There are 2 protein chains.
Amino acid sequence: MQTMDPVEQCDVLCVHDDRIDLVNRTLPDEDTLADLAEVFKVFGDTTRMRILCVLFESELCVCDLAKLLQMTQSAISHQLRILKTNKLVKARREGKTVFYSLDDDHVRKIIEMGLEHLYE
Amino acid sequence: MQTMDPVEQCDVLCVHDDRIDLVNRTLPDEDTLADLAEVFKVFGDTTRMRILCVLFESELCVCDLAKLLQMTQSAISHQLRILKTNKLVKARREGKTVFYSLDDDHVRKIIEMGLEHLYE
DNA sequence: TTATCATATGAACACTTATTCATATGTTTC
DNA sequence: GAAACATATGAATAAGTGTTCATATGATAA
């Protein structure tokens, strides 16, 4: 078995140092990369994706979302919280009812990009 | 405690049937929604996002990726498999070495959209 | 104020998933 | 052929996450 030291492995025969230098100069910092992954993680759940797509057409209250998606109010509420924290949806209160809608147009564009990728 | 039946809840006071009809006519089918979430799930991991961003500049072999990201060859290989299965990267063999690169321009665009969302 | 309705949330559980370890596969060189 | 190297992969473990259940909060109406 070869050594598994992540820093020193195969440094003679395979590593292409010129390319590594290039990449290191232009790579986003680790915090940005983590934030990026975090955003996409929010899109990466069926329930949340269904909520977002449903909100393409119209703002909806929690109760309507639950009925549409055939899920409990609690499950929807938990997911809406994640979507709101990550600024994918925004909330508007009207009496007892809270209406949710897409936060901005990036959400739409990101999802459309995903669809394009699926159907390429 | 209120009833939790997902189909029949709060059907008198809250549900906005006109909006629900509108949404149901335009919502992508469940398979598409699941595939969409699946794609974004692939972007939603720090290691895979780091791999993708590193591949922005240049194709790289597994060994270089492991060195760059300070991770074991095995961990990188497992993640590359997921990226390849979902058509985010492609592989090119050259002797013992396998070079990976971004599969198409959608990957770039999707990540750029994510960055835009972060910095809005 | 009390009752009722819509929504939010904490804790527990089940399920998923990323990494590690060990090993297998595929390629080149001797 | 055997040895060496780069990569791939199966199994196990640990960490993360979505849903449920129970309950809390906030708002309206009587």
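Bear in mind the structure is a predicted one, so any value in this text is a computation, not a measurement. Residue numbers start from 1 in every chain, and the chains themselves are labelled A, B, ... in the order their sequence lines are given, proteins ahead of strands. All heavy atoms count here, side chains included; hydrogens, waters and symmetry mates do not.
Rounding to whole angstrom units, CE of residue B:M49 and P of C:dA18 are separated by 13 Å. For the pair A:R81 CZ and C:dA11 P, the interatomic distance rounds to 12 Å; values are reported in whole Å. Between the CG atom of A:L83 and the P atom of C:dT9 there is a distance of 14 Å, rounded to whole Å. Straight-line distance from the CD1 atom of A:I76 to the C1' atom of C:dA8: 13 Å, rounded to whole Å. Atoms NZ (B:K67) and P (D:dA6) sit 12 Å apart, rounded to a whole Å. If you measure from atom CD1 of B:I51 to atom C1' of C:dA18, you get 12 Å, rounded to the nearest angstrom. The nearest whole Å value for the distance from the CG atom in B:D45 to the P atom in C:dT17 is 11 Å. In this structure, B:D64 places its CG atom 17 Å from P of D:dC5, rounding to the nearest Å.
For D:dA6, the OP1/OP2 oxygens have no side-chain nitrogen or oxygen of B:Y100 closer than 4.0 Å. Between A:T72 and the phosphate of D:dT20, there is a side-chain N or O to OP1/OP2 separation shorter than 4.0 Å.
For A:R48, the side-chain atoms get nearest to D:dG18 when compared with the rest of D:dG18, C:dA18, D:dT9. Between C:dA11, C:dT20, D:dA22, one nucleotide has an atom nearer to the side chain of B:H78 than all others, and that is C:dT20. Relative to the side chain of A:V62, the nucleotides C:dA8, D:dA8, C:dA18 differ in distance, and C:dA8 lies closest. The B:T97 side chain lies nearest to D:dA6 when the options are D:dA6, D:dG10, D:dA8.
Checking side-chain atoms of B:R48 against main-chain N and O of A:A37 turns up no donor-acceptor pair under 3.5 Å.
Taking 3.5 Å as the limit, the base of C:dA8 and the side chain of A:Q73 contain a donor-acceptor pair of atoms between them. Residue A:T47 places no side-chain atom within donor-acceptor reach of the base of D:dT19, judged by atom type and a 3.5 Å distance cut-off alone. Side-chain atoms of B:Q79 stay outside donor-acceptor range of the base of C:dA18, with no qualifying N/O pair under 3.5 Å.
Smallest separation of non-hydrogen atoms from A:L60 and A:L55: N-CD2, 3.9 Å.
Atom CD1 of A:I110 sits about 8.0 Å away from atom CG of A:D104, to the nearest 0.5 Å. One finds the CZ atom of B:R50 at 11.5 Å from the CD atom of B:Q79 (value rounded to the nearest 0.5 Å).
Side-chain contact check for A:F56 versus A:I111: some heavy-atom pair is nearer than 4.5 Å. No side-chain heavy atom of A:F43 sits less than 4.5 Å from a side-chain heavy atom of A:N86.
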Determine, step by step, whether A:T85 and A:V42 satisfy the side chain to side chain contact (heavy atoms under 4.5 Å, CB included) criterion, reporting the C-alpha distance in whole Å, the side-chain angles of both residues, the deciding distance to 0.1 Å, and the verdict.
CA-CA 10 Å; A:T85 302; A:V42 180; over 6 Å; no

The test is side chain to side chain contact (heavy atoms under 4.5 Å, CB included); show your working for A:T47 and A:I51 and say whether it passes.
CA-CA 6 Å; A:T47 298; A:I51 292 175; 4.2 Å; yes

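A:K41 comes within contact range of the sugar-phosphate backbone alone, with a heavy-atom separation under 4.0 Å but no base atom that close.
Toward the 5′ end of DNA chain D lies the nearest nucleotide of B:S77, the other residue of the pair A:A75 and B:S77 mapping further downstream.
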List the protein contact pattern of nucleotides 25-30 of chain D with one symbol per nucleotide (5' to 3'): B for base contact, S for sugar-phosphate-only contact, - for none; contact means a heavy-atom distance under 4.0 Å.
-BBS--

